[in-house]
Amino acid sequence: MAERDQDWDGPGRAAGGGKMSLHRCETCSKEAAKYRCPRCMKYSCSLLCVKKHKLALSCNGVRDKTAFVSVNEFTDLNLLSDYRFLEDVGRTADAAARHCIVHSPATKRLLYCLRNKARGCNIELKTLPVGFTKRRENSTTFNSMENKFYWHLKLIFPHCHAEYTLKGVPDDKTLADILKPYIDPVESDPVVCQRLKIYTASPQSDVRILMKIENRSRNSVRYNELDASRSLLDNLKGKVIIEYPTLFVVLKTLKNDMVVLGQDGSEPAENSDSESSSLSSVEEGEIQDSS
């Protein structure tokens, strides 16, 4: 979805009688812009360029209703948008509470089993109520015969604005093996390799795998650095997981705004998810107690 460009050159008009845009298409840089993406605010001239920009930037074209707006830029339209957003949240929560799956004994037993098995592995697994996106997406299972988790896993590559979802990842698989199909110059898929070429062209020693520390205040976001040579299970031990792990793959040589715990000089590295879980378990009201 894209909105028509409203930045027009007042007196100027196109040959067909339409107003002329002040902006060029940011995809082809040839034609005058006719549309502006509500999400990333990029200008486009045609449906083809709109599709190209969505593919290149992994943009869904849907306006981010929760995007930050400064007080100076806040208008009545922003207020109305926030009001409607809260109404939508209320309706969704109410519908989720009425859903039959919420009260299904089988569902409750399954979630209890997952949390209990995770606790036995020193992993604090938290689940969200039905209706939340991560709850719907989560496909994590536990195989009792093998005594093994098969995780739903999300990989995010910030430098390329790309993310991939993996299902059924065994907990004894190393992070290095998990990343091979994506950043290994030999074993990665050609299409994926092209999209993540900044990663495949970098030495493996420059790759860092980070995971966000849950239950921290929003102005104190920190990340744990994981060991690529160790298994997924070993890396998740002592961590808090909300539904499923999300791993951020970054490069040491490129700047990013992710602060690794213990490397910012303000906090000791010993602090973990478990120690900080009490900070905002109440603040994150949508999170259910794992007990």
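In this chain, residues are counted from 1 in sequence order.
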Nearest 0.5 Å, what's the [atom1]-[atom2] distance between [X] and [Y]?
X: S46; Y: K30; atom1: OG; atom2: NZ; result: 11.0 Å
X: Y43; Y: E26; atom1: OH; atom2: CD; result: 7.5 Å
X: H152; Y: I241; atom1: NE2; atom2: CD1; result: 13.0 Å
X: I183; Y: I178; atom1: CD1; atom2: CD1; result: 11.5 Å
X: D177; Y: E187; atom1: CG; atom2: CD; result: 8.5 Å
X: C160; Y: L196; atom1: SG; atom2: CG; result: 5.0 Å

Report yes if the side chains of [X] and [Y] come closer than 4.5 Å at any heavy-atom pair, otherwise no.
X: C28; Y: C45; result: yes
X: C193; Y: P185; result: no
X: K173; Y: S231; result: no
X: N235; Y: D227; result: yes
X: F248; Y: Y223; result: yes
X: N224; Y: L210; result: no
X: Q194; Y: T200; result: no
X: R39; Y: N60; result: yes

Side chains of [X] and [Y] only: does a donor on one sit below 3.5 Å from an acceptor on the other?
X: R115; Y: T127; value: yes
X: N78; Y: S81; value: no
X: D64; Y: T66; value: yes

Please find the pair of heavy atoms, one from [X] and one from [Y], that lie closest to each other, and give the distance.
X: K167; Y: S139; value: CG-OG, 3.5 Å
X: V191; Y: D189; value: N-OD2, 2.9 Å
X: R135; Y: L128; value: CD-O, 2.8 Å
X: A118; Y: L125; value: CB-CB, 3.7 Å
X: H53; Y: T27; value: CB-OG1, 3.6 Å
X: V186; Y: D184; value: N-OD1, 2.8 Å

>> Between L153 and T165, is the side-chain contact (heavy atoms from CB on, under 4.5 Å) condition met? List the steps.
In response: CA-CA 6 Å; L153 186 65; T165 299; over 6 Å; no
> Would K239 and L226 count as a side-chain contact (heavy atoms from CB on, under 4.5 Å) if you check the C-alpha gap in whole Å, the side-chain angles of each, and the deciding distance to 0.1 Å?
Replying inline: CA-CA 11 Å; K239 309 290 193 306; L226 307 183; 4.3 Å; yes
If hydrophobic clusters are built by linking Ile, Leu, Val, Met, Phe, Trp and Tyr wherever their side-chain heavy atoms come under 4.5 Å apart, do [X] and [Y] end up in the same one?
X: L247; Y: L233; answer: yes
X: I198; Y: V192; answer: yes
X: V221; Y: I156; answer: yes
X: Y164; Y: M211; answer: yes

>> Tell me whether the count of non-hydrogen atoms from other residues, nucleotides or ligands lying under 6.0 Å of NZ in K148 goes above 12.
In response: yes
Could you tell me whether the side chain of [X] and the main chain of [Y] form a donor-acceptor pair under 3.5 Å?
X: S44; Y: C25; value: no
X: D171; Y: F149; value: yes
X: K42; Y: K54; value: no
X: H159; Y: V250; value: no
X: E163; Y: L155; value: no

> Is it true that K126 and E243 have a side-chain N and a carboxylate O under 4.0 angstrom from each other?
Replying inline: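 Looking at E243 together with K126, the answer is no, because their closest N to O distance does not fall below 4.0 Å.
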>> Quick test of your reading of the model: are D82 and K65 salt-bridged, counting only N-O distances below 4.0 Å?
In response: no
> When the aromatic ring centroids of F142 and Y150 are compared, is their separation below 6.0 Å?
Replying inline: no
> So, F157 versus Y199, ring centres under 6.0 angstrom or not?
Replying inline: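 Yes, ring centres under 6.0 Å apart.
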> Within 45° of the axis and under 6.0 Å from the centre of the six-membered ring of Y244, does NZ or CZ of K134 qualify?
Replying inline: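 Geometry flag: set, cation within 6.0 Å and 45°.
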> Passes side-chain hydrogen bond (donor to acceptor under 3.5 Å, both in side chains), N138 versus T140? Steps please.
Replying inline: CA-CA 6 Å; N138 194 4; T140 299; 2.7 Å; yes
>> Test side-chain contact (heavy atoms from CB on, under 4.5 Å) on R24 and S29; report intermediate values, then the result.
In response: CA-CA 6 Å; R24 285 279 179 185; S29 302; 5.7 Å; no
